[in-house]
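Residue numbering restarts at 1 for every chain, and letters A, B, ... go by the order of the sequence lines.
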Number of protein chains: 2
Amino acid sequence: MSQHRPPGAPERPVAVPALPDLPEATVARLPEYLRALHNLAENGHETVSSEWLATAAGVNSAKLRKDLSHLGSYGTRGVGYDVALLIDQIEYVLGLTQRRSVALVGVGNLGHALAGYDGFATRGFRIAALFDADPVRVGEEINGLVVQHVDELSRVATEESIAIGVIATPAAAAQRVADRLVAGGVTSILNFAPCVLTVPDGVDVRKVDLAIELQILSFHEHRKASQTALPAAGEAALPPLPGNLAATNPQEAIGT
Amino acid sequence: MSQHRPPGAPERPVAVPALPDLPEATVARLPEYLRALHNLAENGHETVSSEWLATAAGVNSAKLRKDLSHLGSYGTRGVGYDVALLIDQIEYVLGLTQRRSVALVGVGNLGHALAGYDGFATRGFRIAALFDADPVRVGEEINGLVVQHVDELSRVATEESIAIGVIATPAAAAQRVADRLVAGGVTSILNFAPCVLTVPDGVDVRKVDLAIELQILSFHEHRKASQTALPAAGEAALPPLPGNLAATNPQEAIGT
DNA sequence: AAGCGCTTGTGAAGACACGCACAAATCGCG
DNA sequence: CGCGATTTGTGCGTGTCTTCACAAGCGCTT
Ligand SMILES: NC(=O)c1ccc[n+]([C@@H]2O[C@H](COP(=O)([O-])OP(=O)(O)OC[C@H]3O[C@@H](n4cnc5c(N)ncnc54)[C@H](O)[C@@H]3O)[C@@H](O)[C@H]2O)c1
Ligand SMILES: NC(=O)c1ccc[n+]([C@@H]2O[C@H](COP(=O)([O-])OP(=O)(O)OC[C@H]3O[C@@H](n4cnc5c(N)ncnc54)[C@H](O)[C@@H]3O)[C@@H](O)[C@H]2O)c1
């Protein structure tokens, strides 16, 4: 990716030297834009308007333009954004120009799925090491990597300069694993265990909790149900019909 | 749980009849409080202060109190909140008093892990049906459920009144699966495929994207690196040391 | 060279979320 | 019975996020 230089682009090869400090909400959306842009690039699009890209990413177009303006990215008025240039810019800002190494701890049900997931490799990351506490699992080879004992975690993380750790152990073990990751120099943690982690300043933790997502959905189910039940008790819920995609929808440019 | 009536509680057995419409940010935190409360209940706590619970859930205590005040929940000044009562209240508001049925579509790598996950059952949900398009997988039994063909999806979802669907198929298939879910009367979707779904009004979609989470972490890594590199080039990054838990930390009441 | 249509970038306003700080309420104790 | 210790519930200032709406800029056509 990012082979050709766009017509109206500035001289400098890639981007701003110092990182602007983006609003957190913007940072959370950039990866979504990036994915949509890669899809567009694969489909041969060279430029894209904010309207189009916004629809593809599922956001408001004004929001998208403001997000992009934050990283100083130049679109061209009357034309749109250069797809390849924008990919470069976003990848640079997100720090994806270097492939980052990830340690995965806990190779159980979920850990196995993660270890075999190709979405790591295709989106800028490399699983560099696997760890587990279960002696039965240690030594097992998954996807070309041998599972190591969690006691080795801090040493290996330090030696291989691993900066990101993924925790897929039971909740009871998660805090101790996090401590070991931190001791090994890891400064970013993605936690799948349903518990709160305590880490020193300077270490970022993000959490993915399936049950929480479902419970949020459950709340909205509950509210929808009580709303259609109460107001006049006469109106039925609107009949659910598929086929809601317009032919000219930007989405069609995406999943082939 | 929730056996005894708390001292100062109102006469009515459980909760407000009409749902207050909570701020979305509050809704997203309630499940976290709920999890912490269940931990406290298991450890024999009968009441809990906002300070304690807030720490256990990893939030500011004022925020927690405001969240709880939104759902009209009564704590007792000078004492705190009754754990069992609060669990009931939150479970009621989240609609967890009835166990909700979930359809899981796509029984591949990730789908298998999800199908075997006990966090569904323990937190208010029941996997009611599994679906896949691969003829080899159809008929396979997982955890007591037989995988059905995705062509049956709409029919089964309607018949079994399934309101929540989980998509764990490749991105290319996700939109079509979503359409079928909606046709089957599903009004809440949890999407693990890295793509944007288009659904009619009234249908809620939440998305979990591993790569996005990692890319957000990558951004912060990048920023940390450029910050410690630039300012005076003299200060080393603070040495990472574990063991940062104070003995009196509320967390200790949790993971046993 | 001028005009026209299209699209970006952004000012401003409104909506939302956060967290401090304190009054009000409750309990326990003397 | 009254008082002090404690903790809730919330008013309010502050900051962040979202969205609208439009001027400014660009390229194409005439
Ligand atoms: N399975 C899912 O679909 C799913 C979904 C969402 C969240 N989760 C969460 O992810 C975590 C893992 O789930 P799972 O289903 O894979 O569980 P699992 O029991 O199958 O796997 C856990 C693995 O962690 C290992 N482990 C235990 N203690 C360890 C330690 N101290 N150090 C290193 N490894 C250790 C175990 O040996 C095991 O291999 C749990 O916290 C679960 O709640 C799972
Ligand atoms: N594996 C992971 O750890 C992981 C992590 C995050 C996200 N994801 C995402 O989750 C999804 C599934 O990942 P995976 O690793 O399990 O992939 P997978 O290929 O192992 O499984 C996909 C399953 O979906 C089935 N399928 C395909 N088309 C279908 C259709 N139209 N209807 C029903 N079923 C269909 C396939 O037969 C297969 O069993 C992907 O979108 C992936 O990007 C996976």
Query raised in the report: Of all the choices, dT10(C), dT8(C), dC18(C), which nucleotide is nearest to the side chain of Arg29(B) once you look at every atom?
Result: dC18(C)

Requested in this report: Considering only NZ, NE, NH1 and NH2 on the basic side and carboxylate oxygens on the acidic side, decide whether Asp204(A) and Arg223(B) come within less than 4.0 Å.
Outcome: no

Report summary line: Quick note, Ser50(A) side chain, CB onward, closest among dT8(C), dT19(D), dC17(D) is dT8(C)

Query raised in the report: Between Asn60(A) and dC17(D), is there a side-chain N or O to OP1/OP2 distance below 4.0 Å?
Result: no

Query raised in the report: How far apart are the C-alpha atoms of Arg29(A) and Glu32(A), what are their side-chain angles, what is the distance that settles it, and do they pass the salt bridge (charged side-chain N to carboxylate O under 4.0 Å, His left out) test?
Result: CA-CA 5 Å; Arg29(A) 284 186 294 265; Glu32(A) 198 74 57; over 6 Å; no

Query - Rounded distance (Å) that lies between atom P of dG9(C) and atom CD of Glu51(A) - result: 14 Å

Query raised in the report: Touch check for Ala62(B), heavy atoms < 4.0 angstrom, all strands: base, sugar-phosphate only, or nothing?
Result: base

Query raised in the report: For Leu64(B) and dT10(D), what is the distance between atoms CG and P respectively, to the nearest whole Å?
Result: 14 Å

Query - For His222(A), all residues meeting ring pair (Phe, Tyr, Trp, His ring centres under 6.0 Å), sequence neighbours excluded - result: Tyr92(B)

Query raised in the report: Lys66(A) or Arg77(A): which one's nearest nucleotide on DNA chain C is closer to the 5' end?
Result: Arg77(A)

Query raised in the report: Does a side-chain N or O from Tyr81(A) land closer than 4.0 Å to OP1 or OP2 of dG9(C), or not?
Result: yes

Report task. Decide yes or no for Tyr33(B) and Ile90(B): does some side-chain heavy atom of the first lie under 4.5 Å from some side-chain heavy atom of the second? Result -> yes

Query raised in the report: On DNA chain D, nearest-nucleotide positions of Gly78(A) versus Val79(B): which is more 5'?
Result: Val79(B)

Query raised in the report: Closest to the Arg65(B) side chain: dA21(C), dG9(C), dC18(C)?
Result: dA21(C)

Query raised in the report: Which nucleotide in the list dT7(D), dT19(D), dA17(C) gets nearest to the side chain of Lys63(A)?
Result: dT19(D)

